[in-house]
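Letters A, B, ... are given to chains in the order of the sequence lines, protein chains preceding strands, and every chain is numbered from 1. All values derive from a computational prediction rather than experimental measurement. Heavy-atom basis, side chains included; hydrogens, waters and symmetry copies ignored.
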Amino acid sequence: MVQFNFKGITVVPSGKEMVDIILSRTQRQTPTVVHKGYAINRLRQFYMRKVRFTQQNFHDKLSAIVDEFPRLEGIHPFYSDLLHVLYNKDHYKLALGQVNTARNLISKVAKDYVRLLKYGDSLYRCKCLKVAALGRMCTVIKRIGPSLAYLEQVRQHMARLPSIDPNMRTILICGYPNVGKSSFMNKITRADVDVQPYAFTTKSLFVGHTDYKYLRYQVIDTPGILDRPFEDRNIIEMCSITALAHLRSAVLFFLDVSGSCGYTVAQQAALFHSIKSLFLNKPLMVVCNKIDLQQLNALSEDDKRLVDEMKAEALKTLQIGGDPNAEQQVLVTMSTLTEEGVINVKNTACERILDQRVEIKMKSKKINDCLNRFHVAMPKPRDGKERPVCIPQQVLEQRAKDQEVEKEKEKRKLEKDLENENGGAGVYSASLKKHYLLANDEWKEDIIPEIIDGHNVADFMDPDILERLEELEREEGLRLAGEEGDDFEIDGDNMTPEEREALNEIRKRKKALIQEHRIKKSTAESRPIVPRKFDKDRQFTTERMGRQLSGLGLDPSKAIERVRSRSVSRGRKRERSVAADGAGDDGMEIDNDGKGSNKRLRLRSVSRSRSRSRAPVEEVIPGEGFKDKEQKVKAIKLGKKSVKKRNKDARKGEADRVILNMMPKHLFSGKRGIGKTSRR
Amino acid sequence: MRLEKCWFCSSTIYPGHGIQFVRNDAKIFRFCRSKCHKNFKMKRNPRKVKWTKAYRRLHGKDMTQDSTFEFERKRNRPQRYDRINTEKVLQAIPKISKVKATRQKDHITKRLSVGRVNRRTEDRRELEQSISLVKAPSVLKEDATLTLPKQKVTVSYAQTENTPMEE
């Protein structure tokens with residue numbers, strides 16, 4: 001059975017405290033804001049909620065108290081008796097009962113007021129009702145205040161009770177005050193019980209634990225018992241009596257044979273006999289303590305007789321088994337001061353307990369189940385024949401062989417030895433190729449090339465590579481022979497060098513034409529059309545015509561004649577500038593024979609690098625359309641101005657909106673020297 | 001040691017060059033230089049990048065199928081070393097490479113010869129059509145060849161005092 005956990009009971013608040021706690025909780029955890037303008041239902045709900053919330057909390061708290069405190073009927077009789085001894089059963093029950101009624105009362109109050117709230121017609125009235133309800137609940141709690149205080153006291157004390165397991169192997173120590181019970185307890189357990197010369201040093205039960213044969217034993221120290229009628233005993237004595245009465249344990253009755261506790265042997269014997277009814281069915285031992293002060297055999301006759309009587313009683317409790325040293329088991333002597341016999345006492349007590357428990361178990365029904373589960377079989381020898389160990393012959397031979405192999409291993413030379421001979425680890429490098437399995441052992445140390453000319457040799461490895469190579473070369477020969485024929489055909493149609501020349505000339509002419517056309521096209525609008533008579537550049541001369549015609553292979557003389565005969569040539573002769581002729585044309589100039597007015601008969605070799613000199617820009621050519629020099633200059637300036645900005649932007653014209661680089665790197669990357677780069 | 005091929009441009013990767021990238025599915029990509037590596041990282045398809053061998057082979061610029069390719073193939077089975085065979089192989093490799101090279105060259109030549117022929121015919125046509133730019137038709141009638149006309153040049157001597165050369 002699980003032992004009741006007295007330490008797990010929640011704290012019982014006092015009346016005032018409880019009221020405070022619950023009211024503040026109500027205030028915190030329910031809505032607080034309400035206006036009289038709200039709908040009446042809402043107001044009612046608001047206050048009903050508060051009332052119900054408070055009631056619920058009280059209910060919870062009080063229920064917790066009632067549930068957590070142990071019901072005296074439901075726990076081990078030892079505990080219920082102990083509680084009764086300590087706290088008075090009736091008082092305890094009354095207090096819990098009051099708490100219960102308080103709970104019910106509060107529920108009733110809440111119910112009533114909630115019903116009333118349903119018909120509240122204004123904020124003020126609802127509020128009053130709620131105040132009244134809460135007030136009544138709190139009064140109820142105030143009334144049970146003393147009970148709550150009492151219960152708190154009980155709880156605190158209960159939590160400090162020693163945790164005694166009623167079902168464990170237990171040794172109970174009892175006797176008159178000051179006989180040496182607590183000292184004995186201190187000796188055999190780790191408990192540190194107060195030991196003082198005055199009586200009733202031990203005022204309540206103390207528990208210690210000790211071990212014997214790998215089992216744990218509880219040792220309970222009780223306060224001293226005086227020889228009084230039962231009804232006169234005080235609470236402290238009642239504790240020990242309770243323990244004696246309810247705990248199934250071994251009882252060690254302590255006897256002070258020296259009388260130094262202040263009581264004679266006779267008194268102690270009297271006590272013994274008065275409580276011997278409590279010793280029923282418990283292994284009893286009479287322990288004579290303080291024999292360092294007084295030896296057992298040195299006792300007086302009367303005392304000895306009394307002791308024997310006690311022994312006789314104790315013998316009765318002994319198990320019937322016919323133990324030879326029964327007396328030893330029942331009456332023991334010891335001295336806690338000199339520690340003589342202390343261990344012996346403990347051991348004897350533990351043995352007695354064990355025996356008793358085993359007996360009980362054997363008698364119970366459960367033991368049969370255990371016994372049925374195992375069975376130890378001891379085979380009986382059927383005849384007297386000897387049967388020794390048998391090892392087959394093969395195994396013995398194998399063993400011998402293994403031994404031989406090991407011996408061989410020790411003789412064989414290892415690679416490691418070889419290394420050591422030849423200079424050690426850093427000096428000698430083992431030849432990894434030593435154990436290669438090749439067709440011819442001379443090939444072991446060959447160095448194999450892995451790469452040739454950018455190819456892997458391993459990719460070409462083939463046993464019949466040479467045959468394939470031969471085939472390949474044959475194929476190649478055939479192919480090449482076939483291809484030579486093709487080549488001839490293609491090369492048939494070739495141009496002669498003269499034709500090449502002509503073609504180049506044609507292409508040059510075409511290019512020149514195209515270029516001219518392009519220039520003309522781009523400047524068509526701005527270029528004035530100047531009539532022939534104002535041709536300063538001498539573009540349209542007969543010489544030029546003559547050159548061109550002879551370039552084509554024709555004879556130009558007749559054409560020039562025809563032209564000259566028609567033109568008015570007198571005025572013009574003088575205007576010819578000296579260095580005007582034929583730059584960049586064919587080396588030899590054609591002289592106008594016939595009627596040309598050219599008196600220059602000298603041959604002139606014209607250097608190609610000579611540039612044509614032209615009239616200065618500002619000079620007004622009559623056909624252009626300007627009034628005078630100023631106007632022309634101004635016009636030129638205006639023209640240039642309109643173009644200047646565009647040229648600076650490298651734009652070809654007005655319509656040129658090309659952006660070559662949409663995202664130049666220097667604008668879209670990099671950190672700034674100062675400033676932010678949050679936008680680009 | 002093996003010479004590998006660059007995954008992107010298919011050139012050989014010599015030891016100490018390039019980068020090897022192992023993907024999570026354990027496929028290995030080898031690159032001969034950072035150009036190929038960067039192109040790969042840009043997720044470019046080598047079959048679309050003009051200067052790679054993959055493109056050239058795909059678009060028929062380079063020779064694709066030939067018996068010389070059969071000689072050089074990666075064999076995964078290890079072979080026992082045989083000096084005689086190895087010697088044969090070492091002799092054969094340069095010859096095979098030569099044959100392969102000539103065949104590749106011829107392939108390219110054949111491919112380009114078509115263009116050559118076209119250009120020739122075009123030149124001839126241009127010459128025939130545009131000869132009139134350099135040669136007058138009447139001259140062409142007399143001299144039917146498609147060449148530049150012979151120009152008549154009249155040379156005149158400078159009239160200086162005649163100093164007969166004294167003997």
Can you say whether [X] sits under 4.5 Å from chain B via the side chain, the backbone, both, or neither, judging by heavy atoms?
{"X": "A:Leu503", "answer": "both"}
{"X": "A:Leu549", "answer": "neither"}
{"X": "A:Arg468", "answer": "both"}
{"X": "A:Glu473", "answer": "side chain"}
{"X": "A:Ile452", "answer": "side chain"}
{"X": "A:Ile506", "answer": "both"}
{"X": "A:Leu466", "answer": "side chain"}

### Task
For chain B, find which of A:Ile451, A:Asn456, A:Val457 contributes the most heavy-atom pairs closer than 4.5 angstrom.
A:Asn456
### Task
Could you walk me through whether A:Asp462 and B:Val89 pass the side-chain contact (heavy atoms from CB on, under 4.5 Å) test, one step at a time?
CA-CA 7 Å; A:Asp462 199 354; B:Val89 162; 5.6 Å; no
### Query
Can you check whether B:Met1's main-chain N or O pairs, donor with acceptor, with A:Glu450's side chain at less than 3.5 Å?
yes
Would you say that [X] contacts [Y] through its side chain, given a criterion of any heavy-atom pair below 4.5 Å between the two side chains?
{"X": "A:Asp453", "Y": "B:Ile93", "answer": "no"}
{"X": "A:Glu475", "Y": "B:Val99", "answer": "no"}
{"X": "B:Arg83", "Y": "A:Ile448", "answer": "no"}
{"X": "B:Leu148", "Y": "A:Glu505", "answer": "yes"}
{"X": "B:Leu90", "Y": "A:Pro449", "answer": "yes"}

### Task
Before accepting this row, confirm whether a basic side-chain N of the pair A:Arg507/B:Asp123 lies closer than 4.0 Å to the acidic partner's carboxylate O.
yes
### Task
Determine, step by step, whether A:Leu469 and B:Gln91 satisfy the side-chain contact (heavy atoms from CB on, under 4.5 Å) criterion, reporting the C-alpha distance in whole Å, the side-chain angles of both residues, the deciding distance to 0.1 Å, and the verdict.
CA-CA 10 Å; A:Leu469 177 62; B:Gln91 284 170 5; over 6 Å; no
### Query
Checking side chain to side chain donor-acceptor pair (under 3.5 Å) against A:Asp459, which of B:Lys74, B:Arg2, B:Arg75 comes through?
B:Arg2
### Atom pair CD (A:Glu476) and OG (B:Ser67), whose distance is rounded to the nearest 0.5 Å
8.5 Å
Flag the one option from [options] with the top tally of heavy-atom pairs under 4.5 Å to chain A.
{"options": "B:Asn85, B:Asp143, B:Thr121", "value": "B:Asn85"}
{"options": "B:Thr109, B:Thr86, B:Leu140, B:Leu146", "value": "B:Leu146"}
{"options": "B:Gln79, B:Lys110, B:Arg80, B:Glu142", "value": "B:Arg80"}

### Message
If you compare all heavy atoms of B:Thr147 against all heavy atoms of A:Glu499, which two are closest, and at what distance to 0.1 Å?
### Response
CG2-N, 4.0 Å
### Message
The test is side-chain contact (heavy atoms from CB on, under 4.5 Å); show your working for A:Leu472 and B:Arg103 and say whether it passes.
### Response
CA-CA 12 Å; A:Leu472 180 71; B:Arg103 284 195 185 177; 3.5 Å; yes
### Message
As a quick check of understanding, evaluate side-chain contact (heavy atoms from CB on, under 4.5 Å) for B:Asp82 and A:Asn440, giving each step before the final call.
### Response
CA-CA 8 Å; B:Asp82 198 334; A:Asn440 186 344; over 6 Å; no
